[in-house]
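Here's the structure we're looking at; comments come further down.
Proteins come first, then strands; the chains are lettered A, B, ... in the order of their sequence lines, and each starts at number 1. As the structure is a computational prediction, the values presented were derived from the model and not from experiment.
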Number of protein chains: 2
Amino acid sequence: MVPVKKYREVDENLVRQKEAAFADFIQRKGLKTTRQRNTIIATFFRLRGHISVEELLNQVKQVNPRIGYATVYRTLHLLVESSLVEERRFGDGLARYEGHSDVEHHDHMICLECGEIFEFFNPRLEALQESLAEENNFQIFRHRLELYGACKDKEACNRRKARGNTAAGAE
Amino acid sequence: MVPVKKYREVDENLVRQKEAAFADFIQRKGLKTTRQRNTIIATFFRLRGHISVEELLNQVKQVNPRIGYATVYRTLHLLVESSLVEERRFGDGLARYEGHSDVEHHDHMICLECGEIFEFFNPRLEALQESLAEENNFQIFRHRLELYGACKDKEACNRRKARGNTAAGAE
DNA sequence: TGGATTACGAAAACTGTTTTCATTTTCGGC
DNA sequence: GCCGAAAATGAAAACAGTTTTCGTAATCCA
Ligand SMILES: [Mn+2]
Ligand SMILES: [Mn+2]
Ligand SMILES: [Zn+2]
Ligand SMILES: [Zn+2]
């Protein structure tokens with residue numbers, strides 16, 4: 001398995017690069033730069049993991065309490081459209097978002113006990129998918145692979161469960 | 001690629017087998033046999049593909065128009081709990097259900113143009129997932145793999161698009 | 001067959017998300 | 001700097017799919 005690059009600390013250079021890329025996107029689309037959007041993306045890109053709308057809004061409100069749900073939703077849609085962010089759905093009913101500046105394409109293993117999400121990437125798996133698509137005369141745009149199960153390390157798993165992990169926290 | 005077994009016609013023996021299995025499940029759980037549930041499962045098991053609640057209800061109502069949403073939802077939950085049926089979500093916002101009496105475990109390729117869903121199964125892919133989980137000290141209970149893209153056979157794809165396929169129809 | 005238990009169906013409630021709409025902000029041209 | 005068209009905001013309403021409630025009806029075992 002190829003380990004997925006992980007950042008425990010926020011890489012400020014990367015964040016600024018992302019912010020600039022989003023500004024570009026906004027410009028290209030003829031949209032306007034706003035204080036709220038800046039706050040939202042600045043906050044989002046400094047969060048790790050798989051962030052729900054509510055989690056993001058809570059953080060955002062600490063900077064500017066007047067920002068509401070609608071603007072967060074709208075900004076996330078723009079981030080997805082700009083390809084700076086990907087939407088995930090792990091089956092708990094909420095959309096989660098992850099900036100993939102710091103993690104290239106990857107898939108997920110989700111522990112149903114403790115909520116931990118492990119990220120992985122394997123080139124053979126990707127290649128195999130391509131060859132299966134080929135056989136079927138099908139062209140893949142994107143894919144989604146999720147392995148649901150449980151940690152085998154029960155101590156670590158229980159510890160996480162105890163402190164109430166959610167599906168949000170990857171590593 | 002290992003082709004997934006497909007039934008164009010309903011296999012009445014299989015359906016009756018499923019009905020019996022569900023009756024068993026109901027019994028074991030101490031629940032009651034009802035006319036409505038019988039109608040719903042009899043209808044469901046005779047449908048092919050990836051069925052939404054609304055599609056199922058429409059069919060069911062042709063047999064007994066008094067049956068409502070709630071009972072269909074409740075019965076589908078029981079079917080899933082009994083492992084006779086699996087719930088799918090292909091990202092169009094609705095849950096879809098498929099009885100896997102006639103199709104063993106399989107994954108999906110979804111054409112975003114025409115809505116066609118191709119089913120496939122590949123042992124190497126399954127094995128590879130297992131070995132990746134192993135490496136990660138993770139035990140897989142179930143998984144979900146979806147390839148989103150487009151048919152390369154554009155004539156066939158357009159034909160299907162023209163007659164308004166939905167994500168429901170797999171082959 | 002009585003009666004505790006389970007199921008039903010219509011409607012209300014819920015959840016996450018999107019839309020509406022009145023108001024405010026942005027920003028290119030003057 | 002100011003104008004004004006265009007875009008964005010936020011509160012609230014609307015929405016879609018699903019779940020729950022609650023009064024009534026059906027099931028099924030002793
Ligand atoms: Mn991830
Ligand atoms: Mn299928
Ligand atoms: Zn765990
Ligand atoms: Zn197609």
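The six-membered or imidazole ring of B:His106 lies away from that of B:Phe120, with a centre-to-centre distance of 6.0 Å or more. Between A:His105 and A:His143, the ring centre distance stays below 6.0 Å. Residues B:His108 and B:Phe118 keep their aromatic ring centres 6.0 Å or farther apart.
In this structure, the CZ atom of B:Arg89 is 12 Å from the P atom of C:dT17, given to the nearest Å. When the P atom of C:dG9 is taken as reference, atom CZ of B:Arg35 falls 11 Å away, rounded to whole Å. Following rounding to the nearest Å, A:Tyr73 (OH) and D:dA16 (C1') show an atom-to-atom distance of 13 Å. Across the protein-nucleic acid pair, A:Ile26 atom CD1 and C:dG28 atom P stand 14 Å apart, rounded to whole Å. Rounded to whole Å, atom P of D:dG10 lies 11 Å from atom CZ of A:Arg37. If you take CG of B:Leu57 and C1' of D:dT18, they are 13 Å apart, rounded to a whole angstrom.
Note on B:Arg74: a base of the nucleic acid sits closer than 4.0 angstrom, heavy atoms only.
At D:dT19, one or more side-chain N or O atoms of B:His77 fall inside 4.0 Å of OP1 or OP2 (strictly under the cut-off). Contact annotation: B:Thr34 side-chain N/O to C:dT6 OP1/OP2 distance is not under 4.0 Å.
The environment of B:Glu87 atom CD is dense: over 12 non-hydrogen atoms of other residues, nucleotides or ligands sit within 6.0 angstrom.
The residue among B:Thr33 and B:Tyr69 whose nearest nucleotide of DNA chain C is located toward the 5' end is B:Thr33.
One cannot find a donor-acceptor pair under 3.5 Å joining the base of D:dA26 and the side-chain atoms of B:Lys32.
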